[in-house]
> 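Here it is, the structure in full.
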Amino acid sequence: MENKITLPQATPTDNTGSSIDYLVISSPSDTLPYQKAIKEAPLLAIDTETTGLDPHRDRLRLIQISAPGIPVLVFDCAVFLPDGISCLRELLDTPSEKLFHNAKFDLQFLMGIGIECFPVFDTMLAAQLLRPCGGPLRAGLAAVADHYLGIRMDKTEQTGPWDSTSLTGSQLAYAALDAGILLKLYGVMKPLLAHHGLDRIASIEFACASAIAHTEYDGINLDLEQWDSLRKKTEKQYNDALETLYTYSGTPTYQLTLWGGEEALDVNFESNPYVLKLLNRYGIPVNSTSRRSLAPYHNQPLVQALTEYRRHSKSLSSFLHPIPAQIHPVTGRLHPKYMQIGAWSGRMSCYNPNIQQIPREADFRGCFTAPHGRKLVLADYSQIELRVAAQISGDSRMKSACQKGEDLHALTASLISNVPISQVTKAQRQAAKAVNFGLIFGMGAEGLRQYSSQSYGVDMTLEEAEQFRSAFFQNYHGINWWHHDLRESPPLEGRTLTGRKFLFSPNTGLADLANTPVQGTAADILKSALGLLASRIRESDKKIVGIVHDEILMEVPEEEVDDAVVLLKNTMEEAARAILPDVPCEADAKAADSWAGK
DNA sequence: ACGTACAGCGCG
DNA sequence: AAAGCGCGCTGTACGT
């Protein structure tokens, strides 16, 4: 039996295509009249309703498939599956574009029943690319349908318990409506992306969505025993550091709380007001307790003790204590979530847990291991932001250094210290690293001095910083002009090399103007690599298990590890070549048993 | 009691 | 006047 739902309209005068037909599918035979239309359709809109948000614990309830010219097919999973799975797979195994809103979500539930969908078009990502305004993202289907179609979707009517066995007619109708609306959205958004020069970055993002969906679904293995022994070791070091601090503060007096615990009233090293008072009492005249203001006093024993305490406190409270609780009860692995367009620049962000901020020390990363019979493959781009900056600024010295495969940090060291590149010392190269990253993005001399001391352990005087700064800009003319132009006529719009768009407010500073397109282009390159990689490991047992801005972690069967190293390196370098025409960008890839690289 | 802001710090 | 940028997580401070 065929059903009809009327589309809500913000503009009642527009009646074209204002109703959507749908049909509930309970068995493969129900699909017979529509098989030809679906297999030959140039695009299919797909939406799902599930009993929850976790693809490893919750179930698919409905799968809605909409193609132009036929009713929306609403598959009732409770009766259609599992017998109908091969029918469904056949219907979706076509070259047509698969249209979703937040594809990642639906793809994960579909991969749970063994179905892959590609290529993807994602109206949520499209909306985010079209409105690069920052601020809170209103990219839900209702908001997007309202904005691009003038359709007010009534959210209150369609929400219901998707876990009950029988579904109401209203639930089915609104489920169908979502898929139908997707088709209409495509008609508006596809040309709009092209009109704004966003089609290249859109296809990068869409291909990447599938890679991210798999990465989240597959998760990453954590060696809990190793993690726990690191926790114990760190707790011991934490307590030692605490005891040392007590020799300055005196031991705390405790008060019993109402809940039976006890808390220190007078001593709390997590309290910045308290720590500030303590520092001042010991003659350290800072007005903030930050690492930056403490840096000049790093020889003071109290400052050393405090720094040591903070290091261990951070390790325990941010990583060692909370992360074991995040291991998934079904898979036994961690499943970090990725926000694909998580940062304003176009970078991804990561949470629950944020695997992108796990400390670099081998103690920590060594706990992320390959399970038995498998290996990790690690690869990262070397100096990608510097190379992107060379491409975007057009600086000829920097570009030719990249082409000749020279070490950019050593080159800068030789230029600012006026020594031959072969005689650059380790310390000079380290200082140049700070100079490169700081000055390319518009840092002043004082900023450079503090930054290089804080981030690279390189102390320089203000005069030396001034000298480095002027020597740097005298040698890299292209960077100088690039900054000069941005300062003289600050643009209101910026683009990455693939067309990703930024809107700047009129008072945006040089740092943002220069940094955003560089950081964004580096993100475009990594996302492009991820999309390519996902298509090349489809139907294999190779997995992408971690993504860290300029780095990709894979987990593969032991016997495929050599192939995987080559595949990952080549794919990443190919992605970079396609986006950076003048600047080669190498990816270092290697096999390992853990993320520590050994 | 609760939510939000902020400082501080981990990563790139 | 001077300023690198982008994130997420933690505990404390502070608002209601």
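Throughout, a chain's letter reflects where its sequence line sits, starting with A, and its residues are numbered from 1. This is a predicted model, so every value here is computed, not measured.
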> What integer distance in Å separates A:Tyr309:OH from C:dG11:P?
10 Å
> In Watson-Crick or G-U wobble terms, both distances under 3.5 Å, what is the partner of C:dT10?
B:dA7
> Any base atoms under 4.0 Å from A:Glu270, or only sugar-phosphate, or nothing? Heavy atoms, all strands.
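Sugar-phosphate: the residue A:Glu270, judged by heavy atoms under 4.0 Å, touches backbone atoms but no base.
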> How many whole angstroms separate atom CZ of A:Phe472 from atom P of C:dG4?
14 Å
> Any side-chain N or O of A:Asn272 under 4.0 Å from OP1/OP2 of C:dA13?
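No, outside the criterion.
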> Heavy atoms only, 4.0 Å cut-off, all strands: where does A:Gly438 land among base, sugar-phosphate and nothing?
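If one applies the 4.0 Å heavy-atom cut-off, A:Gly438 turns out to touch nothing in the nucleic acid.
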> Can you tell me how the ring of A:Tyr282 sits relative to the ring of A:Tyr248, calling it parallel under 30°, perpendicular over 60° and tilted otherwise?
perpendicular
> Please find out if less than 6.0 Å separates the ring center of A:Phe441 from that of A:Phe437.
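Ring centroids of A:Phe441 and A:Phe437 are no less than 6.0 Å from each other.
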> Please determine if a side-chain N or O atom of A:Arg360 lies less than 4.0 Å away from the OP1 or OP2 oxygen of B:dG12.
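Result: yes.
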> Would you classify A:Ile355 as touching base, sugar-phosphate or nothing, given that sugar-phosphate means primed atoms plus P, OP1 and OP2, and contacts are heavy atoms under 4.0 Å?
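A:Ile355: no heavy atom of the nucleic acid under 4.0 Å.
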> Under 30°, 30 to 60°, or over 60°: which ring-plane class applies to A:Phe368 and A:Trp595, parallel, tilted or perpendicular?
perpendicular
> Reading DNA chain C from 5' onward, which residue's closest nucleotide shows up sooner: A:His549 or A:Glu446?
A:Glu446
> Round to a whole Å and report the spacing from NZ of A:Lys314 to P of B:dA7.
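Answer to the nearest Å: 15 Å.
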> For atom NZ of A:Lys337, decide whether the heavy atoms of other residues, nucleotides or ligands shown that lie under 6.0 angstrom number more than 12.
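Buried by this count: over 12 neighbours within 6.0 Å.
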> Nearest whole angstrom, please: distance from the P of B:dG12 to the CG of A:Asn354.
11 Å
> Take atom CD1 of A:Ile323 and atom P of C:dC9, then tell me their distance rounded to the nearest Å.
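Distance check: A:Ile323 CD1 to C:dC9 P gives 10 Å.
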> Under 4.0 Å, heavy atoms only, any strand: does A:Thr516 hit a base, just the sugar-phosphate, or nothing?
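Nothing, no heavy atom under 4.0 Å.
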> So what does A:Gly444 touch, heavy atoms closer than 4.0 Å: a base, only the sugar-phosphate, or nothing?
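Sugar-phosphate, no base atom in range.
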> Answer with yes or no whether A:Gln357 presents, from its side chain, a donor or acceptor under 3.5 Å of a partner atom in the base of C:dG8.
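Answer is yes: a donor-acceptor pair is held.
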> Contact class for A:Ser288 vs. all strands (heavy atom < 4.0 Å): base, sugar-phosphate, or nothing?
sugar-phosphate
> Angle class for the A:Phe319/A:Phe364 ring planes (parallel below 30°, perpendicular above 60°, tilted otherwise)?
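Answer is perpendicular, since the angle exceeds 60°.
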> Could you report the tightest heavy-atom contact between A:Val303 and A:His298, atom names first, then the distance?
CG1-CA, 4.2 Å
> Starting from C1' on C:dC5, measure out to CZ on A:Phe504 and report it in whole angstrom.
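Atom CZ in A:Phe504 sits about 11 Å away from atom C1' in C:dC5.
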> Who does C:dG4 pair with, Watson-Crick or G-U, both distances under 3.5 Å?
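Per the H-bond distance test, none.
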> Provide, to the nearest angstrom, the distance between the CD1 atom belonging to A:Ile341 and the P atom belonging to C:dG6.
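Rounded to whole Å, this separation is 17 Å.
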> Is any side-chain N or O of A:Gln519 under 3.5 Å from a base N or O of C:dC5, one able to act as donor and the other as acceptor?
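Pair found.
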> Send over the distance from A:Ile547 CD1 to C:dG6 P, rounded to a whole Å.
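Taking CD1 of A:Ile547 and P of C:dG6, I get 22 Å after rounding.
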